Amino acid sequence: MEKANRLTSYRHDKSSARMEEACSYSPGGVHSSIRKLPQDIVFSRTSGGYMWDIDGNRYIDYNAAFAAIILGHCDPDVNQEVFNALRDFDITGVGTNDYEIEVCKKIVTYVPGADLALLCNSGSEATYHAIRVSRAVTGRAKILKFQGGYHGWHDYVLMNIFTKPENIGQKDPLSAGMLAEAVENTTVVEFNDVGAVEKELKTKQYAAVILEPISHNIGCVLPTPEFVKALRDLTEQTGTILVFDEVITGFRHGLGGYQSVVKIKPDLTTLGKAIANGYPCAAIAGRRDLMSQFATAGGPVYFAGTHNGHTVGTAAAIATIRKLEDGKVYHHLFELGDYLQKGLTAVADRLGIPMYIANFGSIFTPYFIDPSFGPPRSFKELLRNDMEKDTAFRLGLLEKGIFSVPRPMRRMCLVAAHTREDVDFTLNVAEDVLRKLR
Ligand SMILES: Cc1ncc(COP(=O)(O)O)c(C=O)c1O
């Protein structure tokens, strides 16, 4: 392991100069809205659990490319599989190939709700297709999502994520230019609110309910067992399609996704991110009768994409899943997650700082809320979080080489390459930063 004391002082001079150049070619210099950071950071290298910038600063990476990296950056086995595949094969644009068949076989083998699977390149595409096929089979327009859930950048779902308190309960689209009809047809209720779901589904006609089975886009908000069971029962009773968006949870929390943990089979599942350890590969999978509606099988629901099933992603997915299959990676991630959660809780207790560290397996989120409230169950409950302290904590960590998105309530992710030494170092730095914040 790289010695923690090799961290340099955190200056970003070279990054600032290069970012200025980036801005002259691209608006804002970054290629996804949430990549803009309070400091200019131009990265130059990634390996295992770390990232480096062009000023020579090293960061322990707890963002893991927004949860896409599960094994570690530049995993040698995954990279080798990709290099080998690309020597002889890129894309044909027609027909299929062994790589696509193997990835879909793995998905169908492991994900309980997957009778069939189709590949695309991003989670946003997968959720778009899930909603389109739901509308096609039900003949209904409305979609139900949950406050705090993120399902990609398209008009059907891009709303009500980090909603301002005064806008909770109202439509909160995240972008200008969204089609009013799309926004109108998406209803938002609080996560874990069975009564609200029941009222909506029993009084209106919904095509689909879409949810992250663990609400990871507001950190780590777990569903109650009654909630997931009620979603399954209510969607069945009302002929509504249940979509588990497992773009984060799929393959990260287990080969079968979170649906195999809660033992609830959704009608459709969307996958992405960790499935290919950060390479672009995503999928929609689900019930045979629903998946057979796609035009690939002669059905009426269009499905296309020049780069769908690209060998870069499929080869990476095959290698990634192969490394997950014996369960050792999950064992390590769950053990390390538990160690970190307990360690950080102990630090907060020692310093008398009210914190609740929510976690599941490799994903954790330190909330600055009184732990006596117990696990948060909805976005509304998370409004108790001390947003200022949360941001200051993350900025303090960042300045000492520990990277998480420096905004409140963002999930943090362990990767298999992280070690106890990384976590111990993190806990020491966290104690330092928190002591100053107290
Ligand atoms: C749960 C969930 N669904 C869908 C998406 C969209 O995936 P992508 O960014 O690959 O389009 C994300 C991205 O963060 C996500 O977290």
Side-chain angles (χ1 to χ4, degrees), residues 30-36 62-70 103 111 113 118-132 134 143-162 174-175 186 188 191 208-223 228 231 242-254 257-259 261 266 268-286 305 307-310 312-314 316-317 320 360-363 365 379 404-405 407 409-413:
V30 294
H31 296 270
S32 178
S33 327
I34 45 175
R35 290 187 192 170
K36 201 77 188 168
Y62 289 118
N63 184 44
F66 290 97
I69 304 290
I70 179 169
V103 176
V111 180
L118 279 170
L119 299 174
C120 49
N121 291 296
S122 69
S124 300
E125 291 169 65
T127 59
Y128 183 94
H129 291 304
I131 290 169
R132 182 188 266 172
S134 299
I143 302 296
L144 189 76
K145 81 174 272 288
F146 296 91
Q147 176 64 52
Y150 178 71
H151 306 288
W153 43 254
H154 56 82
D155 288 9
Y156 301 155
V157 286
L158 186 63
M159 61 196 86
N160 293 79
I161 301 137
F162 286 99
L174 205 63
S175 174
T186 300
V188 182
F191 198 68
V209 173
I210 185 166
L211 73 149
E212 299 177 61
I214 299 179
S215 204
H216 277 316
N217 276 289
I218 46 173
C220 189
V221 177
L222 287 155
V228 275
L231 288 182
L242 180 60
V243 184
F244 272 18
D245 179 358
E246 299 232 39
V247 164
I248 294 178
T249 51
F251 290 94
R252 174 167 282 282
H253 293 329
Y258 196 65
Q259 59 192 262
V261 177
L268 292 171
T269 301
T270 51
L271 297 159
K273 297 202 190 247
I275 192 173
N277 198 43
Y279 281 94
C281 183
I284 169 171
H307 298 107
N308 285 1
H310 194 290
V312 163
T314 51
T320 303
F360 188 85
S362 58
I363 298 192
T365 308
F379 181 75
S404 68
V405 173
R407 297 195 196 100
M409 309 201 290
R410 272 25 182 217
R411 66 183 173 275
M412 300 187 188
C413 302

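What you see is a predicted model; the values in this text were computed from it and never measured. Start at 1 and go down the list; that is how both ligands and their atoms are numbered. All values below come from the heavy atoms of this structure, side chains included, with hydrogens, waters and symmetry mates left out.
For atom 9 (O) of ligand 1, the nearest non-hydrogen atom of the protein is S124 OG, 4.4 Å. For atom 2 (C) of ligand 1, the nearest non-hydrogen atom of the protein is Y150 O, 3.2 Å. The protein atom (non-hydrogen) at minimum distance from atom 16 (O) of ligand 1 is N217 ND2, 3.0 Å. Looking only at heavy atoms of the protein, atom 14 (O) of ligand 1 is closest to K273 NZ, 2.8 Å.
Among the atoms of E212, none of the N or O lies under 3.5 angstrom from an N or O of ligand 1. Note: an N/O pair closer than 3.5 Å links G123 and ligand 1 by distance alone. For ligand 1, one of its N or O atoms has an N or O atom of D245 under 3.5 Å away.
Scanning both residues, I69 and G278, for their nearest heavy atoms gives CD1-CA, 4.0 Å. G149 approaches E212 most closely through the heavy-atom pair CA-OE2, 3.4 Å. Between N217 and I248 the shortest heavy-atom distance is ND2-CD1, 3.8 Å. Here the shortest heavy-atom pairing between E125 and N308 reads OE1-OD1, 3.8 Å. Considering all non-hydrogen atoms of both residues, L268 and A130 come closest at CD1-O, 3.7 Å.
Between H310 and H307, the ring planes lie tilted relative to each other; the angle falls in the 30° to 60° range.
Listed by number with element, the atoms of ligand 1 under 4.0 angstrom from any heavy atom of G152 are 4 (C), 5 (C), 6 (C). Residue contact check: S122 has heavy atoms under 4.0 Å from atoms 10 (O), 11 (O) of ligand 1. Atoms of ligand 1 found under 4.0 Å from any heavy atom of V247 (numbered from 1 in listed order, with element): 2 (C), 3 (N), 4 (C), 5 (C), 12 (C), 15 (C). Taking every heavy atom of I248 and a limit of under 4.0 angstrom, the matching atoms of ligand 1 come to 16 (O).
Assignment of F66 to the shell around ligand 1 is not supported, since no heavy atom sits closer than 4.0 Å.
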Next on the checklist: Run Y156 and Y128 through ring-ring contact (aromatic ring centres under 6.0 Å, His included) and show every step you take.
Outcome noted: CA-CA 8 Å; Y156 301 155; Y128 183 94; 5.2 Å; yes

Checklist entry - What's the verdict on side-chain contact (heavy atoms from CB on, under 4.5 Å) for H253 and H216, showing C-alpha distance, side-chain angles and the deciding distance? => result CA-CA 12 Å; H253 293 329; H216 277 316; 2.9 Å; yes

